[in-house]
Amino acid sequence: MNNNSKQLYISIFILTIFSLYQVYFNYGDINKDGVIYLINAQHMINGDYDMVYQTYNWPFFSFLIMIIHKLSGLSLFYSAQFICIFSFIFASTFFLKTIPLISLNKVSPYYGLVILLTSIPIADNYLVMILRDHGFWAGFFLGLYFYLKWLKQNRNLDLFLWVFSLILGTLFRPECLIFLLLFSLTALIYLNHERKKFFIAIILISILSIFIIIFSLNGINFGRLSEFISRPLAVYNNLYNQIPIFSNDFWLSSLLNDYLTSFKFLFFSYVALDKWISGIGFFSIILFFISLRYKLVKEHNHVLIILIISSALIPIFNFYQYYVLSERYFVLSWFIVYLYASLGLYFIWNKLNDEIIKKYKIKYLVSFYLIISFLIVIIDIQKNNYEREAAEWIKTNIEEIENVYFQSPRVSYYSNFLPMIKYELNDALKNTNFNFFIMENHGSDFETLHKNSNFEVIKNFKNYKNYKSILIYKRK
């Protein structure tokens, strides 16, 4: 066993212990999407597959939750967490294996481990969430590793493995299909005529396999694959839908009217760039440019750059269509940048001119930053969990939980209740069985209920910043 392999196994062990630590200190917390996946898994257990596709039409993750639940006897929540933690460790393993593969000096996986453990968005925020993204990351990095090996060694086994990995990632998130196509297009640059024929045949068979799997899961419903056609059209149309900006000044209003489309595009692009940079942090960006400046990636650098850009553009398309941009959609892009950041950290630690290091005390500054980042990740500052407080009140004061309408999926989960039928608010208002309504203090449903004179607020649970709250309404 060579030194890099030993370091890889030690890194995996540390990541596993760290992941279990994070799960322990975030015991019982769940994200909104996570509740939906658990509800879908319960629908599958009940054999109600019509409700599965009504709840969410890309059900592979929920299917895995159901399988683990049945095989292990774990609750749906812990079955989901097991899948997510296992997928994260798996993704991280191939992230770490890729570092020496792309580097000139067989860089140690330890540098990648340090980057991951100090990544606040990944290690502190998204690691313990119940998300399909973990499986997506696992499929992507397994695919990337074998793709780069295939470009280097030209083994058919590596070809089959990277194609299979991206198909697996597609089952978690359909966006992974884009990377199957991107990998394929960039690969054509390196192939001679004979190899191209074989390669194209494999890719066509793989895409056909994806459709067969989807048909077996969804019937003739293409699920979210239809978005590959509908989303670009929606984005194009939305860019030309002017945003409502008004001014009492006649000249300013005229100027805005002339440039509203350009303003919208530039403003949205600025917001997306700001979220991308603030999420990954300037330190990783500096390490990324150090890696580029000193050409620390030995080959196929342009492939990785294309993947960084394309993985960032996917959530930006979503932003242009729905005006919603969650930072977690950028995680894959950050993950690829972290490959470069790992090489940049190695360079600072081992290769930078000693005189520069002594003059500016760079190692001390880097060490201080990394220690602070790691402490932010592992030290959990307790804040009042207003959703849990609302759930505890519900469990104590409302006997018939079936008579409660939950707008918030998290509050319903914390109340030990998974609503298996999703009612629209207007239908629920007409249903006199619903005597209590649990609402978040924003959105059109909240406005509708708040103006309804037949209901009164009996409890208000606010978060620590006082701008979000859970309100409990009772029918008069």
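For this chain, numbers begin at 1 and follow the sequence in order.
Remark: side-chain polar atoms of Ser326 are not paired, donor with acceptor, to backbone N or O of Tyr329 under 3.5 angstrom. A donor-acceptor pair under 3.5 Å links the side-chain atoms of Trp334 to the main chain of Trp276, judged by distance alone. The main-chain N or O of Val52 is never found under 3.5 Å from a side-chain atom of His43 such that the two would form a donor-acceptor pair. Using modelled atom types, one side-chain atom of Ser79 and one backbone atom of Ser75 make a donor-acceptor pair closer than 3.5 Å. Using a distance-only test at 3.5 Å, with no hydrogens or angles considered, no donor-acceptor pair links the side chain of Ser11 to the main chain of Leu113. Judged purely by atom type and a 3.5 angstrom limit, Thr170 uses its side chain to pair as donor or acceptor with the backbone of Leu177. Of the possible donor and acceptor atoms, none in the side chain of Ser284 sits under 3.5 Å from a partner among the backbone N and O of Gly281. In this structure a side-chain-to-backbone donor-acceptor pair under 3.5 Å is missing from Gln407 to Phe446. Here the side chain of Asn31 pairs no donor or acceptor atom with the backbone of Met129 at under 3.5 angstrom.
Every pair passing salt bridge (Lys or Arg N to Asp or Glu O under 4.0 Å) that includes a residue from residues 158-172 is listed here, sequence neighbours excluded: Arg155-Asp158. Legend: salt bridge (Lys or Arg N to Asp or Glu O under 4.0 Å) pairs involving residues 114-126, not counting sequence neighbours: none detected. For residues 269-285, there are no salt bridge (Lys or Arg N to Asp or Glu O under 4.0 Å) pairs, not counting sequence neighbours. The salt bridge (Lys or Arg N to Asp or Glu O under 4.0 Å) analysis of residues 30-54, with sequence neighbours excluded, yields the pairs Lys32-Glu440, Asp33-Arg328.
Ring geometry for Phe183 against Tyr147 counts as tilted: the plane angle lies between 30° and 60°, on a 0 to 90° scale. A tilted orientation is assigned to the rings of Phe172 and Phe61, their planes being inclined by 30° to 60°. Taking the six-membered ring where tryptophan is involved, the planes of Phe406 and Phe417 are tilted, since the angle between them lies from 30° to 60°. Classified by interplanar angle (parallel below 30°, tilted 30° to 60°, perpendicular above 60°), the ring pair Phe179/Phe136 is tilted. Between His134 and Phe88, the angle of the ring planes goes over 60°, which puts this pair in the perpendicular group of the 30/60° scheme.
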Practice item. For Asn301 and Tyr340, run side-chain hydrogen bond (donor to acceptor under 3.5 Å, both in side chains): C-alpha distance rounded to whole Å, both residues' side-chain angles, the deciding distance at 0.1 Å, then the answer. Key: CA-CA 10 Å; Asn301 182 64; Tyr340 287 88; 2.6 Å; yes
Point to revise | Ser119 vs Tyr338, side-chain hydrogen bond (donor to acceptor under 3.5 Å, both in side chains): CA-CA, chis, key distance, verdict | key: CA-CA 9 Å; Ser119 169; Tyr338 288 155; 2.8 Å; yes
Exercise for review: Take Phe288 and Ile308, measure what side chain to side chain contact (heavy atoms under 4.5 Å, CB included) needs, and give me the verdict at the end.
Suggested key: CA-CA 11 Å; Phe288 169 74; Ile308 290 171; 3.9 Å; yes
**Study point:** side chain to side chain contact (heavy atoms under 4.5 Å, CB included) assessment of Ile178 paired with Ile314
**Key:** CA-CA 9 Å; Ile178 295 173; Ile314 292 170; 3.9 Å; yes
Practice item. Quick one: do Lys298 and Ile102 satisfy side chain to side chain contact (heavy atoms under 4.5 Å, CB included)? Show the steps, please. Key: CA-CA 6 Å; Lys298 62 182 178 181; Ile102 65 172; 5.7 Å; no
Exercise for review: List the steps, then state whether side chain to side chain contact (heavy atoms under 4.5 Å, CB included) holds for Ile470 with Met439.
Suggested key: CA-CA 6 Å; Ile470 295 294; Met439 307 294 293; over 6 Å; no
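Shown here for Ala312 and Ser333, the closest heavy-atom pair between the two residues is CB-OG, 3.8 Å. Across Pro59 and Asn40, no two heavy atoms sit closer than the pair CB-ND2, 4.5 Å. Across Gly279 and Pro121, no two heavy atoms sit closer than the pair O-CG, 3.3 Å. Closest approach of Ser87 to Gly135, counting heavy atoms only: CB-N, 3.8 Å. Considering all non-hydrogen atoms of both residues, Ile99 and Ser342 come closest at CD1-OG, 3.6 Å. The minimum heavy-atom distance linking Ser165 with Gly143 is given by the pair CB-N, 3.4 Å.
Counting heavy-atom neighbours within 6.0 Å of Glu424 CD, excluding the residue itself, gives a total of 12 or less.
Checked against ring pair (Phe, Tyr, Trp, His ring centres under 6.0 Å), Tyr369 has the following partners two or more places apart in sequence or in another chain: Phe283.
Taking the centre of each ring, Phe94 and Phe141 stay at or above the 6.0 Å mark.
Between Tyr405 and Ile438 there is no side-chain heavy-atom pair separated by less than 4.5 Å. Within the 4.5 Å cutoff, the side chain of Leu325 has heavy atoms near those of the Pro315 side chain. Two residues are said to be in side-chain contact when any heavy atoms from C-beta on lie closer than 4.5 Å; Ile85 and Leu127 meet this criterion. The closest side-chain heavy-atom distance from Val107 to Leu345 is not below 4.5 Å. A heavy-atom distance below 4.5 Å is found between the side chains of Asp29 and Asn385. For the pair Phe319/Val271, a side-chain contact is recorded, criterion being any heavy-atom separation below 4.5 Å from C-beta on. Residues Leu304 and Leu144 meet the side-chain proximity criterion, which asks for heavy atoms closer than 4.5 Å. Considering only heavy atoms from C-beta on, Thr118 stays 4.5 Å or farther from Val377 through its side chain.
Each of Phe335, Tyr145, Phe140 was scored for a ring-ring contact (aromatic ring centres under 6.0 Å, His included) with Phe95, with one residue passing: Phe335.
Separating the OH atom in Tyr270 from the CG atom in Leu266 is a distance of 12.5 Å, to the nearest 0.5 Å. In this structure, Ile130 CD1 and Ile83 CD1 are separated by 9.5 Å, a value rounded to the nearest 0.5 Å. Note: Leu117 CG to Phe18 CZ = 5.5 Å, rounded to the nearest 0.5 Å. In this structure, the separation between CG on Leu101 and NE2 on His300 is 8.5 Å, given to the nearest 0.5 Å. Taking CD from Gln81 and CG from Leu74, the interatomic distance works out to 10.5 Å, rounded to the nearest 0.5 Å. A distance of 12.5 Å separates OH in Tyr78 from OG in Ser72, rounded to the nearest 0.5 Å.
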List the atom pairs, with distances to 0.1 Å, where a side-chain N or O of residues 20-28 and a protein N or O form a donor-acceptor pair under 3.5 Å, not counting sequence neighbours.
unit_1: Tyr21; atom_1: OH; unit_2: Ile378; atom_2: O; d: 2.8
unit_1: Gln22; atom_1: NE2; unit_2: Ala123; atom_2: O; d: 2.7
unit_1: Asn26; atom_1: ND2; unit_2: Gln22; atom_2: O; d: 2.7

